[in-house]
Amino acid sequence: MNFSEIFPGVIFAQFSPNSKFIVLSNGTRVIVKETDQLQSINFTHSQITDAQIQQIEISPNSELVALSYPKKGYIEIRKIDDINWCARIDDSIEQIQWCPDSIQLAVISEFQIKVSIYNLNNKNVTHLKNPKQISFSHNGRFMVMSERKDAKDFIGIYSVRDWKLLNYQCSDTLDTALLQWSYNDSFIGIQDTELTFRLNLHCPCQGLQMKFEPYQYSLGIKVSRFANQSDLMAIGANDEKLRIINLLTLKQITELEHKITKDVLIYKEEEYSDQYSQRVVTKFTQMEQGCKINIQKTQNGISLLEWSYKDDYIATKFDGMQNCVFIWDMELLTLKAIMVQILPIKYFTWSKNSTTLTVCTGSSKIFFWNPTCTSACDMPFDKNFHVIKIDWSNDQKSMLLFDKSDVVVAYPTLDDSF
């Protein structure tokens with residue numbers, strides 16, 4: 001694996017959707033670099049010393065960059081390939097989000113009073129009242145918006161073409177925490193506040209189809225995810241159970257507990273000193289099946305959950321065992337493997353074109369798992385670079401590695417074993 005130099009003082013870094021560019025910012029200045037050669041592109045914007053950029057959004061077509069200045073009350077929009085093109089929106093700002101057509105920008109105002117959709121072509125503005133959250137369908141044709149009205153939560157389904165209200169439904173939640181669309185846009189998942197275990201599945205046309213509430217009067221859902229390509233949904237709550245819902249039958253098909261069984265493969269991270277290079281080398285040792293793992297249960301619940309790109313595996317982090325990554329086989333509905341790390345898990349993510357899981361623990365290493373092997377890669381820097389987050393580009397040719405205030409670009413080579 002090859003690495004770029006360290007980019008210091010970066011608080012925002014993101015690949016463009018087409019993977020050709022990387023947008024970097026220290027809070028006041030933004031630079032755009034080509035992903036392959038890391039050459040800077042001639043990109044200009046207003047640099048205000050007394051105002052921080054709160055949010056940066058790249059348009060889905062990778063041509064526009066929107067910069068949010070809430071303290072100054074405006075948004076600046078620039079074209080990556082045209083330094084002379086500029087647009088400005090004056091508004092009260094809490095959050096911004098591009099519409100799928102890359103022509104319209106949704107701006108949620110401060111205190112969630114309204115969401116304004118600005119059309120950059122004809123300069124039309126559409127206002128919708130009392131937004132809590134918005135989410136766009138995968139086909140780009142619809143938007144769902146949750147709102148609070150008369151002490152109840154509702155969702156509205158809007159057409160992105162003309163912003164007409166197509167359907168209006170009561171979401172039957174105490175306080176909507178998350179809106180998400182299934183992979184084929186057949187369902188909208190509405191996750192309730194973590195104070196109660198409730199997840200509702202709505203059809204955009206026919207309303208509530210399933211109310212999932214396995215128990216009451218206890219802490220509820222921490223994370224939920226629709227599968228990427230199949231009619232399944234995974235739910236992680238404040239107990240130790242991973243629940244799987246079938247969207248075809250609208251029933252729970254299994255509960256998977258985070259318990260170590262005899263046939264589970266356990267890979268333990270170990271460090272030893274190499275006498276020749278005089279460096280500390282990391283390797284994974286396969287532990288005996290049925291062995292015990294030291295557990296320090298300071299917390300509970302499933303805090304991280306990710307489907308693999310073909311939905312054949314799920315990776316979870318159970319807070320009762322913070323140093324472990326649990327990998328579940330979704331064809332057999334069993335626990336496949338456990339990665340036991342020296343440090344607590346910070347973040348993990350699946351590759352978008354292979355069954356490879358990338359894990360970081362806040363150390364100067366990144367770890368990889370696939371069905372055939374488990375490996376580790378050291379950062380080749382004299383300065384300690386502690387990886388706390390990983391972001392793959394959409395073409396899977398590069399990835400961003402984040403420290404608290406630094407960023408590195410990594411390029412996996414073709415002969416990497418993982």
Side-chain angles (χ1 to χ4, degrees), residues 1 234 236 240-242 254 256-297 302-351 353-379 386-387 390 392 399 401 410 412-418:
M1 181 177 291
E240 63 180 30
K241 296 178 181 179
L242 172 64
T254 188
L256 302 173
E257 297 191 26
H258 288 71
K259 294 182 178 180
I260 302 170
T261 57
K262 294 183 178 180
D263 54 349
V264 175
L265 299 175
I266 302 175
Y267 301 95
K268 185 178 181 181
E269 176 193 358
E270 293 183 347
E271 293 181 342
Y272 66 95
S273 178
D274 189 347
Q275 297 179 354
Y276 298 99
S277 63
Q278 295 183 347
R279 294 181 57 189
V280 176
V281 179
T282 300
K283 68 174 182 177
F284 280 93
T285 302
Q286 185 170 336
M287 302 174 66
E288 295 182 2
Q289 293 182 340
C291 66
K292 293 184 179 181
I293 300 175
N294 294 329
I295 300 174
Q296 295 180 351
K297 284 198 173 184
I302 300 170
S303 57
L304 293 177
L305 185 158
E306 291 292 339
W307 291 86
S308 64
Y309 88 111
K310 281 189 175 180
D311 302 328
D312 44 0
Y313 294 98
I314 288 180
T316 60
K317 175 190 173 183
F318 172 51
D319 286 341
M321 303 170 69
Q322 295 195 29
N323 293 42
C324 299
V325 179
F326 291 77
I327 301 163
W328 308 84
D329 188 325
M330 284 295 101
E331 293 183 357
L332 302 176
L333 296 177
T334 58
L335 183 59
K336 171 76 173 180
I338 301 175
M339 295 175 66
V340 182
Q341 308 292 147
I342 295 175
L343 298 175
I345 308 300
K346 294 292 185 182
Y347 191 81
F348 55 70
T349 182
W350 290 95
S351 167
N353 60 7
S354 66
T355 310
T356 299
L357 182 69
T358 313
V359 181
C360 63
T361 61
S363 67
S364 59
K365 306 176 183 66
I366 49 179
F367 309 93
F368 300 92
W369 177 93
N370 64 34
T372 60
C373 68
T374 307
S375 58
C377 180
D378 290 292
M379 305 290 287
H386 304 287
V387 186
I390 303 167
W392 281 93
M399 56 184 175
L401 307 178
T413 54
L414 294 177
D415 59 348
D416 283 335
S417 60
F418 58 86

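Sequential numbering from 1 along the given sequence is applied to the chain's residues.
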Answer yes or no: is there a side-chain heavy-atom contact under 4.5 Å between Thr358 and Tyr347?
-> no
Heavy-atom pair of closest approach, residues Ala337 and Val264 = CA-CG1, 4.0 Å
Do Met330 and Leu256 touch side chain to side chain, with heavy atoms closer than 4.5 Å?
-> yes
Test log, rule side-chain contact (heavy atoms from CB on, under 4.5 Å), inputs Trp328 and His258 = CA-CA 10 Å; Trp328 308 84; His258 288 71; 3.6 Å; yes
Could you check if a side-chain atom of Glu240 sits within less than 4.5 angstrom of a side-chain atom of Met321, using non-hydrogen atoms only?
-> no
Spatial distance of atom SG (Cys373) from atom OH (Tyr267) [nearest 0.5 Å] = 8.5 Å
Are the side chains of Phe368 and Ser351 in touch, meaning some heavy atoms are under 4.5 Å apart?
-> no
CG (Asp319) and CD1 (Ile345) are apart, to the nearest 0.5 Å, by 11.0 Å
Heavy-atom pair with the smallest gap, counting every atom of Thr355 and Asn370 = O-CB, 3.1 Å
Atom CG of Leu305 and atom CZ of Phe318: how far apart are they, to the nearest 0.5 Å?
-> 13.5 Å
Hey, could you give me the NZ/CG distance between Lys310 and Asn353, rounded to the nearest 0.5 Å?
-> 10.0 Å
First locate atom CD1 of Ile366, then atom CE of Met399, and finally report the distance between them rounded to the nearest 0.5 Å.
-> 3.5 Å
Residues passing the side chain to side chain contact (heavy atoms under 4.5 Å, CB included) test with Ser308, sequence neighbours excluded, are Asp312, Tyr313, Trp350
Verify side-chain contact (heavy atoms from CB on, under 4.5 Å) between Glu306 and Thr349, making sure each step is shown before the conclusion.
-> CA-CA 7 Å; Glu306 291 292 339; Thr349 182; 5.7 Å; no
Does Val359 reach the side chain of Trp369, with side-chain heavy atoms less than 4.5 Å apart?
-> no
Face-on cation placement of Lys283 at Tyr272 ring, 6.0 Å and 45° thresholds = yes
Taking all atoms of both residues into account, what is the closest heavy-atom pair of Lys365 and Met379, and its distance?
-> N-CG, 4.3 Å
Got Ile342 and Ser363 here, is their nearest side-chain heavy-atom distance under 4.5 Å?
-> no
The reported gap from CZ in Phe367 to CD in Gln341 (rounded to nearest 0.5 angstrom) is 5.0 Å
pair Val325-Ile338: side-chain heavy atoms closer than 4.5 Å | no
